There are 2 protein chains.
Amino acid sequence: MTQFRNEVFRSLADPTRRAIFERLCRDGAQSVSTITAQAAISQPAVSKHLRILKGSGLVQGTIHGRETLYRADVAALAPLQGWVREMTGFWDEKFDKLENLLKRMDR
Amino acid sequence: MTQFRNEVFRSLADPTRRAIFERLCRDGAQSVSTITAQAAISQPAVSKHLRILKGSGLVQGTIHGRETLYRADVAALAPLQGWVREMTGFWDEKFDKLENLLKRMDR
DNA sequence: GACACCAATAACCATTCGGTTATATGAATT
DNA sequence: AATTCATATAACCGAATGGTTATTGGTGTC
């Protein structure tokens, strides 16, 4: 699970990849050609990005006849969200410690 | 604000940089040499990473005498968190639509 | 004032990355 | 069966990335 975390971060680092993922989130499943039509890059480039997104679990594709439909899997964002919570958690913890210290100084 | 989003994602894509940020979140402000001591890379490499983290607002440094203390700024994670919420929001929205459709079909 | 220490920058290098074009594979269409 | 369409893969290329060592610029210390 924590192994995927790195893949997720890496996948989302590229704006083009984020744009593809966003679109799949917003508009639901789409074929490669449909995605390519709005991406301003070539079809092979899109396929490459999809492969990477798939590798991190952010996207999954199902074959329908001669076209493949890709859909976003928002559950794959969990490691990222978890990490953010962890980081802010550390911060709150420190804040609590400070508060505690101030209380003790008060007495 | 949405300009920083890309920088934040890019910054956090590198595991070394995430590790540095994590440490600063967990243990509070630290000097460059202290960070370097635990990073398994050279001091200039650490300085480079800190520069990038600073560029995305994730970190800020204050000079104390001859050493510079860097601290994490968890508030800079907001764009990231916001984006995640937006994405999951799209998903919920679709779910609502489906629910709505089912309701209408029910009558 | 000479010297050691801390951090930043410069110059360089190997690897990775994001893109391209060309090609292969397989499913629909005719 | 031949052809066209949809996607994936291969081979390649320039730019960006993450690291290194060497050096510089300040700030304490002796």
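Source: prediction; values computed, not measured. A note on names: the letters A, B, ... follow the listed sequences, proteins ahead of strands, and every chain is numbered from 1.
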Self-check item: B:W83 side chain reached by A:E22 side chain, heavy atoms, under 4.5 Å
Solution: yes
Exercise. Round to a whole Å and report the spacing from CZ of B:R66 to C1' of C:dC3.
Key: 11 Å
Quiz item: Could you state the NE2-P distance from B:H64 to D:dT27, rounded to the nearest angstrom?
Solution: 14 Å
Quiz item: Tell me: NE2 of A:H49 to P of D:dT9, nearest whole Å?
Solution: 15 Å
Self-check item: B:L50 CG - C:dA7 P separation (whole Å)
Solution: 10 Å
Practice problem: Between B:V32 and A:I52, name the one whose nearest nucleotide on DNA chain C is closer to the 5' end. | Solution: B:V32
Quiz item: To the nearest angstrom, how far is B:R17 atom CZ from D:dG18 atom C1'?
Solution: 8 Å
Within the sub-3.5 Å range, which N or O atoms of nucleotides 20-22 of chain C have a protein N or O partner, and how far apart are they?
from	atom 1	to	atom 2	distance (Å)
C:dT20	OP2	A:S42	N	3.0
C:dT20	OP2	A:S42	OG	2.6

Quiz item: Without hydrogens or angle criteria, can the side chains of B:Q43 and B:S47 be said to hold a donor-acceptor pair below 3.5 Å?
Solution: yes
Quiz item: Below 4.0 angstrom from OP1 or OP2 of C:dG19, is there any side-chain N or O of A:T16?
Solution: yes
Self-check item: Over all atoms of both residues, closest heavy-atom pair of B:A72 and B:F21
Solution: CB-CE1, 3.7 Å
Quiz item: To the nearest Å, how far apart are A:E67 CD and D:dA8 P?
Solution: 11 Å
Quiz item: Which atom pair, heavy atoms only, marks the closest approach of B:L80 to B:L12?
Solution: CD1-CD1, 3.5 Å
Exercise. Output yes when at least one side-chain N/O atom of A:S33 is less than 4.0 Å from OP1 or OP2 of D:dT7, else no.
Key: yes
Self-check item: Atom pair distance, as rounded to whole Å: CG in B:L69 and C1' in C:dA8
Solution: 16 Å
Quiz item: Mind checking whether B:R17 and B:L58 have side chains closer than 4.5 Å, heavy atoms only?
Solution: no
Quiz item: Does A:T34 reach the side chain of A:E67, with side-chain heavy atoms less than 4.5 Å apart?
Solution: no
Quiz item: Just to confirm, is there a sub-4.0 Å distance from OP1 or OP2 of C:dC6 to any side-chain nitrogen or oxygen of B:Y70?
Solution: no
Quiz item: Taking atom C1' of C:dT16 as reference, at what distance in whole Å does atom CG of B:D14 sit?
Solution: 12 Å
Practice problem: Locate the shortest heavy-atom distance separating A:L69 from A:S31; write the atom from each residue and the value. | Solution: CD2-N, 3.5 Å
